[in-house]
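One-based numbering, in listed order, for ligands and for the atoms of each. Residue indices begin at 1 and follow the sequence shown.
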Amino acid sequence: MSCQPMKEHFKAAMKRKDGRIGAVPAAVLAVLDNKISSLCKPLHASSDHNPIFAVAMVKEAAKRCPLVCCEDNYLIKRKAAFSPQFQAELLDPYSQNDVCSKFQAVYIPSSDDLMIRGIEIEIEPQGYFMDTLAGKLGIREGSCIMMSRTVPRAPHDTRLYCAIPDMRIHPHSSEEALVGVTLPGEDKLHRNKRASYLLGYSVHGDAILASVGSTWKSEGKLTFADVSVSCYYRLLIGRTPEGSYKLSRDAILVSKLPHSFSSRAQWRGALPRSLLFDFCHQHRLADPEFFFLPTRASGDTGCLEMDKGCSNSYKCRTKIVYEGQAMDFESEHHYRNRNDSVQSAALQALVTLTSKVCLQSTNSSTKVSVEPSPVDETTGLSTSSIFAYGTHESEQQGFKGSNQAQDDSNRIIATGSMACISCNVWLIGCGLIVKVEEHEEFDFELGIGGIIPELENTVLGMQADECAQLVLPVPSLESILSTHEAVHGFERSSIGMCSLRYCIKILRVLEPPEDRMESALFSPPLSKQRNEFAVSEIKKLHAKSLVDFGCGSGSLLDAVVDSSTDLECIAGVDISLKSLLRAAKSLTTKLLLKDHNFKQLKEVVLYEGSLAEPDISLCGFDVATCIEVVEHMDPEPLSKAGDIILGKYAPQTLILSTPNIEYNVLLQKLVDTKASVVGDSKRAKTSSTGLDLAASLDDPSDKSQSVTLSDDESSAQPIKLRNDDHRFEWTRAEFQEWAVSLASRFGYTVEFTGVGGSVEDPGFASQIAIFTRNKSVHSPGLEKSFDVVSNLPCYREVWKYDRDGLHR
Ligand code: SAH
Ligand code: MG
């Protein structure tokens, strides 16, 4: 009786009648007593896996122990009677409990033909719950039932109860200790497939899933909780690493296990590492091991010395043995934070294992159908635009033109933002209509697959306050059954023929922390200042053509189109298709719906491609811009991009901006003062205006970069980067060294300036370099600088405007 739950259980057993006072089933000892179960582990390796081995060992040990007797096969009882004093002491608080305990449990028949059903269990005041459960299973006595370990992610203390198979431990053999499994009674019991699946080892006969028992918190009282049939289905689909792990927040039809880990602050629900441990546990796999990979060696990146400031960048690998095969998974990229790299590696493992253990046979080629909803069901207001995208971006269906004022076009939702939506899901068809899921407020990070892809694609095309509705086929029957008790009354076959209607409304959007910080601490927001700076340069230079490298969602292109310039030809390039589609949406609106002041503008093209790859169509532009992009690139691609932009594309002017890390200390101070004005940082965190940075900069787990801000090496202190996606941030000296070296290699002169703050220490918040091609230097015969292979265009044209209309 070495541990509390056991002691509490023993109190319950003391109430038993007919000379069974204090008699305890072997299963209870084997499962509830930690000391006993850990003693069993080295004796029989499988006892860790399947507690039935521990039960057999406990029984053998009890038989040989002179102090106890082992009746009825599995009932263990002390030979000497308990002293009345001991009984009184133990029973005192317990005997006060004289009401019936009633709760819901789930009956899992061993025959597949019989349905899983909910049952009510009623335990009389003086009853012993193991006996009651045995009665329900048609087993004569509580000691003859097996108790599983607790089922993870189920209500507290949920276990599976079933018949105990008869087995003997061979006394002299260590390896093959198990002589055989025969089941008691005349009838041979069938393997219960559904229950076995839940536990990960074979279970025979009917089983009951129930949450009942005496825990150390309950002080001898019987505690219990309802376990619903929906809960059973949740556990069933929760065994796959598919998003069902996020079921804890009841978002079965909405959420998914994201495929990418950015930071802890953006993650909702249990973290990937803990999910992976659960997964391994449920699938009886050895615990995953994590290794840190050595950081990249610097030096092979030519003139770049970026690793100098990035000495603490972590990449992690995890090893998992699955079906006898060792598998390695690596974190997606390098993380400033050790723990983030672990989470990322764990997530990669979960994502891969999802495809291996796929219970749900979801049809991946499902098409989204869009149905117009004239009225928003929650507000009764007419929705201004309804649209949805196909499962694949190529199948994108046009959105219905929004007639809403578009002045605030910056509100288009960006990847990395946290969105908060309300979402109702209805099961419709075959004459039924049931609301199966309801979320008044559901937040998630955009762009990492945290919700089902159809929904995410829809949200990415929306703006705050917009509503949309989409109709999808039902995923798996299990996932529908796990949503709502109301659906259990329907025929299984008719559920399969229904569809799901998602009604969503964007409640609010929190931009990524960097954007939030920039608009909270700078007026006008820093991003606006950068764009205004670039636009004024473009005007000054009377540029006729502009290419924006890493244009993202097109904030600069929007600003350019909004002001009158001499530009005739504009191009945007980005590696992210999703960002480009948002840029396209916003430009479409501006170019089509607004009276614009640029009659000379002939063409706007958006290309999908990486700056580390050259494409001949980008040669010969008057001005190139590269705003807040370099810090998102790893050393090698960045070094290539520098050579390509100045060496091959050779624009007359390149305007390039990047954060000045020296300014971050000041930002921190600004954040602190702002936060104290707003109140505590927690409140700031939830406020929709978003001073979330205050909270995120306070989080010691956030990434930081060790940097020497003065000549005094000893004063080196870690500085937090402004955005989780930044690979590095430069000091003024580092930036200038890089830029000067790049400029000198390709015949450019470079000048430095910035926006936000001043030239005085610590410099501008955003540092800007303006590269100008030397007149004397002969423009490198553009075509000549491309070899035959790289001459082929490699960028994909995503969207194009020419004066005569729009083409996609
Ligand atoms: N210039 C925009 C976006 C800055 S965010 C603005 O000022 O608002 C950085 C952008 O660089 C992202 O859109 C990202 O997709 C893009 N990017 C990062 N690496 C890239 C690469 N190798 N090639 C092209 N674009 C890249
Ligand atoms: Mg940035």
(request) Report, in ascending order of atom number, the atoms of ligand 1 lying under 4.0 Å from any heavy atom of V629. (result) 11 (O)

(request) May I ask you to decide if E636's main-chain N or O and D634's side chain share a donor-acceptor pair within less than 3.5 Å? (result) no

(request) Please report the closest heavy-atom contact between S331 and K315, naming both atoms and the distance. (result) O-CE, 3.3 Å

(request) Give me the one residue out of L618, V547, V798 that meets side-chain contact (heavy atoms from CB on, under 4.5 Å) with Y607. (result) L618

(request) Check the surroundings of atom CD in E603: do more than 12 heavy atoms from other residues, nucleotides or ligands lie under 6.0 Å from it? (result) yes

(request) Could you tell me whether the side chain of T749 reaches within less than 4.5 Å of the side chain of F771, counting heavy atoms only? (result) no

(request) Before signing off on this row, confirm whether V573 and ligand 1 have an N or O atom pair separated by under 3.5 Å. (result) no

(message) Apply side-chain hydrogen bond (donor to acceptor under 3.5 Å, both in side chains) to residues T772 and Y748 and explain how you reach the verdict.
(response) CA-CA 5 Å; T772 311; Y748 279 77; over 6 Å; no

(request) Could you list the atoms of ligand 1 found under 4.0 angstrom from a heavy atom of G552? (result) 13 (O)

(message) Check for me whether P637 has a heavy atom closer than 4.0 Å to any atom of ligand 1.
(response) no

(request) Report the member of L638, N723, D548, L611 with the shortest heavy-atom distance to atom 23 (N) of ligand 1. (result) L611

(message) Using the side-chain contact (heavy atoms from CB on, under 4.5 Å) definition, which of the options P524, S523, S766 pairs with Q529?
(response) P524

(request) Starting from atom 18 (C) of ligand 1, find the nearest protein heavy-atom neighbour and note its residue, name and distance. (result) H632 CB, 4.1 Å

(message) Working note: F549 + Y649, criterion ring-ring contact (aromatic ring centres under 6.0 Å, His included); need CA distance, chi angles, decisive distance, verdict.
(response) CA-CA 11 Å; F549 293 114; Y649 299 154; 5.6 Å; yes

(request) For the Mg ion (ligand 2), find the closest N/O/S atom on E631 and give its atom name. (result) OE2

(request) Below 4.0 angstrom from a heavy atom of C551, which ligand 1 atoms are there? Numbered from 1 as shown, please. (result) 2 (C)

(request) Answer with yes or no whether G609 contacts ligand 1, where contact means a heavy atom under 4.0 Å from a ligand atom. (result) yes

(request) Identify, for atom 9 (C) of ligand 1, the protein heavy atom at the shortest distance, and state residue, atom and that distance. (result) E628 O, 3.4 Å

(request) Just need the protein heavy atom nearest to atom 13 (O) of ligand 1, so name the residue and atom and give the distance. (result) D574 OD2, 2.8 Å

(request) Measure S610 to ligand 1 on non-hydrogen atoms and call it side chain, backbone, both or neither using the 4.0 Å cut-off. (result) both

(request) Determine, step by step, whether H334 and Y314 satisfy the side-chain contact (heavy atoms from CB on, under 4.5 Å) criterion, reporting the C-alpha distance in whole Å, the side-chain angles of both residues, the deciding distance to 0.1 Å, and the verdict. (result) CA-CA 5 Å; H334 285 78; Y314 296 99; over 6 Å; no

(request) Heavy-atom contacts with S555 under 4.0 Å: which atoms of ligand 1 show up? List them by number with element. (result) 6 (C), 8 (O)

(request) Report the nearest protein non-hydrogen atom to atom 19 (N) of ligand 1: residue, atom name, distance rounded to 0.1 Å. (result) M633 CG, 3.7 Å

(message) Tell me if a side-chain donor or acceptor on E729 pairs with a main-chain N or O of R722 at a distance below 3.5 Å.
(response) yes

(message) I need the nearest protein heavy-atom contact for atom 3 (C) of ligand 1: residue, atom name and distance, please.
(response) G550 O, 3.4 Å

(request) Please confirm whether I575 comes within less than 3.5 Å of ligand 1 when only nitrogen or oxygen atoms on both sides are compared. (result) yes

